[in-house]
Amino acid sequence: ALYIVFLDGFPFYIKQNRVGLHGHIFSMYKFRTMRMNSHELRDSLDELNQSDGPLFKIENDPRIIDRLEFVRKYSLDELLQFFNVLRGDMSIVGPRPHMVEHDIYYSSLFNNFLKRHKCNPGLTGWAQVNGLRGATPSPNIMRKRMEYDLWYLNNWNIFLDIYIIFKTFYALIKYKGE
């Protein structure tokens, strides 16, 4: 937090609306890793974007605050979500929460997509420890993530949660935000 404030000012965190248990919308917290003027940089990068789709990740992204790439790579920006756990909006383990517009879009594509909201969203989940963390640039990736989330809901037990927690540390190193 101090590093972010020193290099780029306040605030050191961002809030994003996400969908949680039973469709409840909550504010999810993350450390801010992009510069305050990243929306201006985004506009110029969009002009350089050769694909028709959204711009997810680019090498040497000028929007990211100096030397914070590793924070994003190892999901350290998500540590503030422990406040969401303490507030009851999230759990340690469960399906990762998506932005509201993503839930609306993907629920129109996949019949069972909203079943993910039958439990609190988590800091980590079955899909993430199986390599499906980070951006979802295609519907096929989101379908696979949904399938893992639904498998988790149908097979939940405390030992599975413990296994996922331990496997998260391995997945963070193996998949590195890919």
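Numbering of residues begins at 1 and proceeds along the displayed sequence.
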query = Side chains of R143 and F110: closer than 4.5 Å at any heavy-atom pair?
reply = yes
query = Would you say P95 and W126 make side-chain contact, with heavy atoms under 4.5 Å?
reply = no
Residue pair L80 / K30, side-chain heavy-atom distance below 4.5 Å = no
task = Would you check, one step at a time, whether the test side-chain contact (heavy atoms from CB on, under 4.5 Å) holds for H98 with V19?
result = CA-CA 6 Å; H98 297 294; V19 182; over 6 Å; no
key: Residues clustered with L21, ILVMFWY side-chain links under 4.5 angstrom   = none
Over 12 non-hydrogen atoms of neighbours within 6.0 angstrom of NZ in K167 = yes
remark   = d(I92 CD1, D161 CG) to nearest 0.5 Å is 9.5 Å
query = Can you check salt bridge (charged side-chain N to carboxylate O under 4.0 Å, His left out) on D61 and R35, steps first, answer last?
reply = CA-CA 11 Å; D61 192 335; R35 298 180 187 283; over 6 Å; no
remark   = To the nearest 0.5 Å, atom CD of Q128 lies from atom CG of L123 at 10.5 Å
ask   = Side-chain heavy atoms under 4.5 angstrom apart, residues restricted to Ile, Leu, Val, Met, Phe, Trp, Tyr: same cluster for I158 and F166?
value = yes
ask   = Can L79 be reached from M90 by stepping across I, L, V, M, F, W or Y side chains whose heavy atoms are under 4.5 Å apart?
value = yes
note = In terms of heavy-atom contacts, P139 and Y106 come closest through CA-CE2, 4.0 Å
query = Going through the distances and angles, do E147 and K144 end up as a side-chain contact (heavy atoms from CB on, under 4.5 Å)?
reply = CA-CA 5 Å; E147 289 169 358; K144 191 74 171 160; 3.8 Å; yes
ask   = Can you name the side chain to side chain donor-acceptor pair (under 3.5 Å) partners of T168, sequence neighbours left out?
value = T124
Let me have the donor-acceptor pairs involving side chains of residues 81-88, under 3.5 Å, with sequence neighbours excluded, atom names and distances please.
unit_1 : atom_1 : unit_2 : atom_2 : d
Q81    : OE1    : R96    : NH1    : 2.8
Q81    : OE1    : R96    : NH2    : 3.2
N84    : OD1    : Y29    : N      : 3.1
N84    : ND2    : S27    : O      : 2.8
R87    : NH1    : Y29    : OH     : 3.2
R87    : NH2    : D89    : OD2    : 3.4

key: Test side-chain contact (heavy atoms from CB on, under 4.5 Å) applied to P97 and Q16, R18, H102, the passing residue   = R18
query = Honestly curious: do I164 and I162 fall in one hydrophobic cluster under the side-chain, below-4.5 Å linking rule?
reply = no
query = Can you tell me how far CD1 of I65 sits from CZ of F12, rounded to the nearest 0.5 angstrom?
reply = 12.0 Å
key: L109 reachable from V100 in the ILVMFWY side-chain graph, under 4.5 Å edges   = no
task = Tell me whether L2 is reachable from L7 by hopping between hydrophobic residues (I, L, V, M, F, W, Y) whose side-chain heavy atoms are closer than 4.5 Å.
result = no
ask   = Does R145 reach the main-chain N or O of L132 with its side chain, forming a donor-acceptor pair under 3.5 Å?
value = yes
query = Taking everything shown except N111 itself, do over 12 heavy atoms lie less than 6.0 Å from its CG?
reply = no
request  = Could you pull out the closest heavy-atom pair between D77 and R72, with the gap in Å?
outcome  = OD1-CA, 4.1 Å
query = Do you know which two heavy atoms are closest between I64 and E69, and how far apart they sit?
reply = CG2-N, 4.2 Å
query = Could you give the distance from CG (L150) to NZ (K115), rounded to the nearest 0.5 Å?
reply = 7.0 Å
task = Using the test salt bridge (charged side-chain N to carboxylate O under 4.0 Å, His left out), find all partners of D8 that sit at least two apart in sequence or belong to another chain.
result = R32
message = How about OH on Y3, more than 12 heavy atoms from neighbouring residues, nucleotides or ligands closer than 6.0 Å, or not?
response = yes
task = Kindly compute the distance separating OG (S75) from CG (L172), expressed to the nearest 0.5 Å.
result = 5.5 Å
Step-by-step side-chain contact (heavy atoms from CB on, under 4.5 Å) determination, R63 to M34 = CA-CA 5 Å; R63 299 172 296 168; M34 290 197 173; 3.8 Å; yes
request  = Could you identify which residues cluster with M99, counting Ile, Leu, Val, Met, Phe, Trp and Tyr as linked when any side-chain heavy atoms lie under 4.5 Å apart, either directly or through a chain of such contacts?
outcome  = none
note = Grouping ILVMFWY residues whenever side-chain heavy atoms fall under 4.5 Å, the cluster of I14 otherwise contains none
ask   = Once you round to the nearest 0.5 Å, how far does OH of Y152 lie from CG of N157?
value = 9.0 Å
Smallest separation among heavy atoms of L160 and W156, with atom names = CD2-CA, 4.1 Å
ask   = For F31 and E78, what are the C-alpha separation, side-chain angles and deciding distance, and is it a side-chain contact (heavy atoms from CB on, under 4.5 Å)?
value = CA-CA 7 Å; F31 281 109; E78 297 181 4; over 6 Å; no
